[in-house]
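Okay, structure first, notes after.
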Amino acid sequence: MVRQRALRGFTFGAPTTAEVELAEMVEEIIPSIQKLRLVSSGTEATMSAIRLARAFTGRTKLVKFDGCYHGHSDGLLVKAGSGVATLALPDSAGVPPGFARETLTARFNDIKSVQRMFERHGKKIAAVIVEPICGNMGVIKPEPGFLEALRVITRNNSSLLIFDEVIPGFRVARGGAQEICRVKPDLTCLGKILGGGLPLAAFGGQSKIMDLLAPDGPVYQAGTLSGNPLAVAAGIATLKLLNRQGTYQKLEAKGQELEGGIKSVLKHYGLRAAINRVGSMMTLFFGVDRVTNPDEARACDRQKFRSFFHGMLKRGIYLPPAPFEAMFLSLAHSSADLQKTIDAFDQWAKSQRSVDR
Ligand code: PMP
């Protein structure tokens, strides 16, 4: 087995015992990762993974998906999800057109759109980056076969497949989305849960790719706070907690409880909405029956969402403020918390009867 390293970016000093411990835990949990580099944010993780993919393939273009958000580095603010989608910005001001031109945008769950990109730009595509379970246009699941087809198409074209698991990593399953869908990416980006609330993120993958990183290789990457002891200690503690028996069954049970409660309220009051849920992440899209891609997400009733958000807030439940975000449940949410949420939803739904009449 290749020994893990988690080089400290700024000094290139030898990794500390704690960094090695964390890296070894991550490798055990996510077997597609043979080597790991610690950084401080999800933005840094995706930005650096893409630089590495470009160096490895000697190509410049990147394929991303409309509605997927991968942080705020220049080339990734093209048709992004999350806050960018909420504000309806196609791109961000301040990004040079030349940078944006290197980013090609395909449609999530539409493999033909990816095939067309490869037919047109063929050997210029360094990598495809995807949220394997999308959380930034609300929750959108990959259709059966979509991620598998991405794996085949990237492999056949000698491009890399990058899974941005900043949201699903350690959340939808211990080993993230790739554990559920059984597709192995070349590189994986992690963040959020990895630091247990402290600023920690990482990217990792096959050794032959990771070995291109400085100081061993020519791809520069560094960060003063990368692998800082506080965040690494929080990461180790978090992964130990998550490794406890039954964690993901508990999260699934909580997800089912909330989804079940919300569904019965919707039915009772005759409200139309689609619920997309994977384990502890969930989104409610009003006014539509199903959401499988960002176009369908954008077609949801945003006015109704606004009323729902404020109605819930008024009743003491603070939800994400846009349908292009996911609700996240945690182990800390008790059954009483979930019931309180369902009751608040019931009261809000009741108040809609007069509005809809
Ligand atoms: N990738 C995904 C999938 C994300 O959801 C986010 C943040 N929401 C990022 C990358 C960027 O992470 P950060 O905010 O830590 O830079």
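Just follow the structure's listing: the first ligand is 1, and inside any ligand the first atom is 1.
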In terms of atom number and element, which parts of ligand 1 are under 4.0 angstrom from non-hydrogen atoms of S41? 15 (O), 16 (O)
Around atom 12 (O) of ligand 1, find the nearest protein heavy atom and jot down its residue, atom name and distance. G42 CA, 3.3 Å
Identify whether the distance between the nearest side-chain nitrogen and carboxylate oxygen of E252 and R277 falls below 4.0 Å. yes
Looking at E44, K192, M47, H70, the heavy atom closest to atom 10 (C) of ligand 1 belongs to H70
Looking at atom 5 (O) of ligand 1, what's its closest protein heavy atom, distance included? N136 ND2, 3.0 Å
Quick check: F285 with F305 (ring centres under 6.0 Å apart)? no
Considering non-hydrogen atoms of the protein only, which is the closest contact for atom 1 (N) of ligand 1, and what is the distance? D164 OD2, 2.6 Å
Before signing off on this row, confirm whether G71 and ligand 1 have an N or O atom pair separated by under 3.5 Å. no
Within 6.0 Å of NZ in K314, more than 12 heavy atoms from elsewhere: no
Mind checking whether H72 has an N or O less than 3.5 Å away from an N or O of ligand 1? no
In terms of ring plane angle, is the pair F286 and F308 parallel, tilted or perpendicular, where the classes change at 30° and 60°? perpendicular
May I ask you to say whether E119 pairs ionically with K112, meaning some side-chain N is under 4.0 Å from a carboxylate O? no
Using the rule side-chain hydrogen bond (donor to acceptor under 3.5 Å, both in side chains), only one of H121, K61, R59 pairs with S159; which is it? R59
Between E131 and ligand 1, is there a nitrogen or oxygen pair with a distance under 3.5 Å? no
I want to check a possible cation-pi pair here: R171 against F328, using under 6.0 Å from ring centre and within 45° of the ring axis as the test. yes
Taking 4.0 angstrom as the limit and counting only heavy atoms of I167, give me the atoms of ligand 1 inside it, by number and element. 5 (O)
Check whether any N or O atom of T43, backbone or side chain, sits under 3.5 Å from an N or O atom of ligand 1, and answer yes or no. yes
